[in-house]
*Asks:* 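This is the structure I have questions about; it appears just below.
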Amino acid sequence: MFVDEVRISIKAGDGGNGCLAFRREKYVPRGGPSGGDGGHGGDVVLVANPHHNTLLHLRFNPEHKGERGRHGEGSNRTGHDGAPAEVEVPVGTVVWDADSGEKLHDFSQPGERWIAARGGRGGRGNARFATATHQAPTEHEAGFPGQERRLRLELKLLADVGLVGFPNAGKSTLISRISAARPKIADYPFTTLEPQLGVVQLGDFRSFVVADIPGLIENAHLGVGLGVQFLRHIERTRLLAHLVDVSDATGRDPAHDFDVVMGELEAFSKELAAKPMIVVATKLDAAQDPKRVAKLRRLAKKKGLDFFAVSSVTGKGLDELKWAMAERILPPEQPPSPEPHRPEPDRRDPDTHEPPRRDPDTGEPSQARGISKGR
Ligand SMILES: Nc1nc2c(ncn2[C@@H]2O[C@H](COP(=O)(O)OP(=O)(O)OP(=O)(O)O)[C@@H](O)[C@H]2O)c(=O)[nH]1
Ligand SMILES: [Mg+2]
């Protein structure tokens, strides 16, 4: 199950109480105050773990508490600090305050840590209140309560390129051809029910991530079909690839499909619709009528968008598309830096200024000279 939104409640540990005690020992009259401080409560820390892809593990485990600090004790013993509670979240999680609606944090790096609730401070023991004129204090503090919060976690997948288009446009087939992802593919609409990510490899070191999301249909922003809820996963991509099925089987006009999807993107968010976009005509092998492709090409040109035509079945245009995506999102590859020039070391004899003697076996300059030999 793909879970991209959960609510959790967290409570950091309370601080331990400060202690009220006096040193009582044989032969030590008026031993003085000796109550130790309470320990601090444990924080609740959210940690981004790249091994999690959904928030499912938090859906049935929505409460997290830091350990409380132990109370202070006599003989000036401070209480133990409470252990922090760590809550693992996937990279790409955005944290909101569930009550105020305020955005609190955004996890973008693996291993990133954020203290979501701070543990309470331990109370001071009576030893801390002693002064020159107040030598037997009985004041001592209770521990302070740990912070308590309700959070809403929202997962936004971190992908570089987002695929958008009608159901059946060939989004999943494309991602299965250019990456190692193996999504479900079938010739009925809404095959893909949850977002899928695929890593596209270019050479040995360069790669980018493509997100395949469920298809959009007219009035998706009103909840028709699967709605536009999945669009939030491509809000952070740097490039949208708008896939339009140009095969004759659809019975629709590709230019109309394009406009419908653009309308839905705009209804969801203006920023999303304004993202850099390329237009990709799919199923080229099944397009008998070249006019359909040409019309879409003209429309793309009119809107100032780059146009590609591919077939995931024959593989036509896929390589070109892959590199076109990379070009738009990856920094340009650095040319290999030329070898720095190193002058030849001077191997001449410093006394006689003669060239070095050569080893008769290897032809290499011989290092051993005179008495230094064998040292
Ligand atoms: N002839 C041909 N058929 C294709 C091509 N690409 C995809 N198809 C077929 O089109 C159908 C739909 O493909 P999908 O990849 O599942 O489409 P989708 O856009 O992911 O659809 P949803 O997940 O429903 O949104 C499948 O039957 C594919 O086999 C292509 O390049 N040529
Ligand atoms: Mg699909």
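Whatever order the structure lists ligands and atoms in, that order sets their numbers, starting from 1.
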*Asks:* Got the closest protein heavy atom to atom 31 (O) of ligand 1, with its distance?
*Replies:* Ser312 N, 2.8 Å
*Asks:* Between Val45 and Arg113, which heavy-atom pair has the shortest distance, and what is it?
*Replies:* CG1-NH2, 3.9 Å
*Asks:* For atom 17 (O) of ligand 1, grab the closest protein heavy atom and report residue, atom and distance to one decimal in Å.
*Replies:* Gly170 N, 3.2 Å
*Asks:* Counting each atom of ligand 1 from 1 as listed, which ones have a heavy atom of Ser311 under 4.0 Å away?
*Replies:* 31 (O)
*Asks:* Quick one: does Pro189 get within less than 4.0 Å of ligand 1, heavy atoms only?
*Replies:* yes
*Asks:* Within the side chain of Arg177, is there an N or O that forms a donor-acceptor pair under 3.5 Å with the backbone of Ser312?
*Replies:* yes
*Asks:* Counting non-hydrogen protein atoms only, what is the nearest one to atom 27 (O) of ligand 1? Give residue, atom name and distance.
*Replies:* Asp187 CB, 3.2 Å
*Asks:* Treating Thr192 as the side-chain partner and Glu194 as the backbone partner, does any N or O pair qualify as donor plus acceptor under 3.5 Å?
*Replies:* no
*Asks:* Quick one: look at Leu243 and ligand 1, take heavy-atom pairs under 4.0 Å, and tell me if it's side chain, backbone, both or neither.
*Replies:* neither
*Asks:* At less than 4.0 angstrom from any non-hydrogen atom of Tyr188, what atoms of ligand 1 do you find?
*Replies:* 24 (O)
*Asks:* Tell me the protein heavy atom at minimum distance from atom 20 (O) of ligand 1, and give that distance in Å.
*Replies:* Ser172 OG, 2.7 Å
*Asks:* Answer with side chain, backbone, both or neither: which part of Ala186 has a heavy atom less than 4.0 angstrom from an atom of ligand 1?
*Replies:* backbone
*Asks:* Output yes when a side-chain donor or acceptor of Arg149 lies under 3.5 Å from a complementary backbone atom of Ala116, and no otherwise.
*Replies:* yes
*Asks:* Identify the closest protein heavy atom to atom 25 (O) of ligand 1: which residue and atom is it, and at what distance?
*Replies:* Lys171 NZ, 3.0 Å
*Asks:* Using the rule given for side chain to side chain donor-acceptor pair (under 3.5 Å), can you reason through Glu88 versus His51, listing the C-alpha separation, both sets of side-chain angles and the distance that settles it, and then say yes or no?
*Replies:* CA-CA 10 Å; Glu88 295 189 339; His51 299 295; over 6 Å; no
*Asks:* Go through ligand 1 atom by atom and flag the ones less than 4.0 Å from a non-hydrogen atom of Gly215.
*Replies:* 25 (O)
*Asks:* Classify the side-chain pair Asp212/Ser172 by whether it contains a donor and acceptor separated by less than 3.5 Å.
*Replies:* yes
*Asks:* Is the shortest N/O to N/O distance between Asn168 and ligand 1 below 3.5 Å?
*Replies:* yes
*Asks:* Do any N or O atoms from the side chain of Arg23 and from the backbone of Gly32 form a donor-acceptor pair under 3.5 angstrom?
*Replies:* no
*Asks:* Looking at Phe190, which atoms of ligand 1 are within less than 4.0 Å of one of its heavy atoms?
*Replies:* 24 (O)
*Asks:* Would you please say whether a donor-acceptor pair under 3.5 Å links the side chains of His64 and Glu86?
*Replies:* no
*Asks:* Could a heavy atom of Thr282 be found less than 4.0 Å from some atom of ligand 1?
*Replies:* no
*Asks:* A quick test of your reading: do over 12 heavy atoms of other residues, nucleotides or ligands sit less than 6.0 Å from CZ of Arg24?
*Replies:* no
*Asks:* Working to the nearest 0.5 angstrom, can you tell me the gap between Phe166 CZ and Asp257 CG?
*Replies:* 4.5 Å
*Asks:* Please check if any side-chain donor atom of Arg150 sits under 3.5 Å from a side-chain acceptor atom of Ser100, or the reverse.
*Replies:* no
*Asks:* For the aromatic rings, using the six-membered ring if either is Trp, is the centroid distance between His242 and Phe258 under 6.0 Å?
*Replies:* yes
*Asks:* Can a donor-acceptor pair be found, under 3.5 Å and without considering hydrogens, that links the side chain of Arg328 to the backbone of Met325?
*Replies:* no
*Asks:* What I want to know is whether Ile213 and ligand 1 share at least one N or O pair that is separated by under 3.5 angstrom.
*Replies:* no
*Asks:* At a 4.0 Å threshold, what atoms of ligand 1 neighbour a non-hydrogen atom of Asp285?
*Replies:* 1 (N), 2 (C), 30 (C), 31 (O), 32 (N)
*Asks:* Take the angle between the ring planes of Trp114 and Phe107 and call it parallel below 30°, perpendicular above 60°, tilted in between.
*Replies:* perpendicular
*Asks:* Please report which non-hydrogen protein atom sits nearest to atom 23 (O) of ligand 1, along with the residue it belongs to and the distance in Å to one decimal place.
*Replies:* Thr192 OG1, 2.7 Å
*Asks:* For the CZ atom on Arg70, are there more than 12 heavy atoms of other groups (residues, nucleotides or ligands in this structure) within a distance under 6.0 Å?
*Replies:* no
*Asks:* Is it true that the side chains of Glu67 and His80 contain a donor and an acceptor less than 3.5 Å apart?
*Replies:* no
*Asks:* What's the count of protein N, O or S atoms under 2.8 Å from the Mg ion (ligand 2)?
*Replies:* 2
*Asks:* Any idea which of Lys283, Lys184, Arg177 brings a heavy atom closest to atom 5 (C) of ligand 1?
*Replies:* Lys283
*Asks:* Just need the protein heavy atom nearest to atom 29 (O) of ligand 1, so name the residue and atom and give the distance.
*Replies:* Ile185 CG2, 4.1 Å
*Asks:* May I ask you to identify the nearest protein heavy atom to atom 2 (C) of ligand 1, giving residue, atom name and distance to one decimal place in Å?
*Replies:* Val313 CG2, 3.4 Å
*Asks:* As an exercise, identify every atom of ligand 1 less than 4.0 angstrom from a heavy atom of Thr173.
*Replies:* 6 (N), 7 (C), 13 (O), 14 (P), 15 (O), 28 (C)
*Asks:* Checking the side chain of Asn126 only, and the main-chain atoms of Gly35 only, is there a donor and an acceptor separated by less than 3.5 Å?
*Replies:* yes
*Asks:* N/O to N/O below 3.5 Å, does that happen between Ala169 and ligand 1?
*Replies:* yes
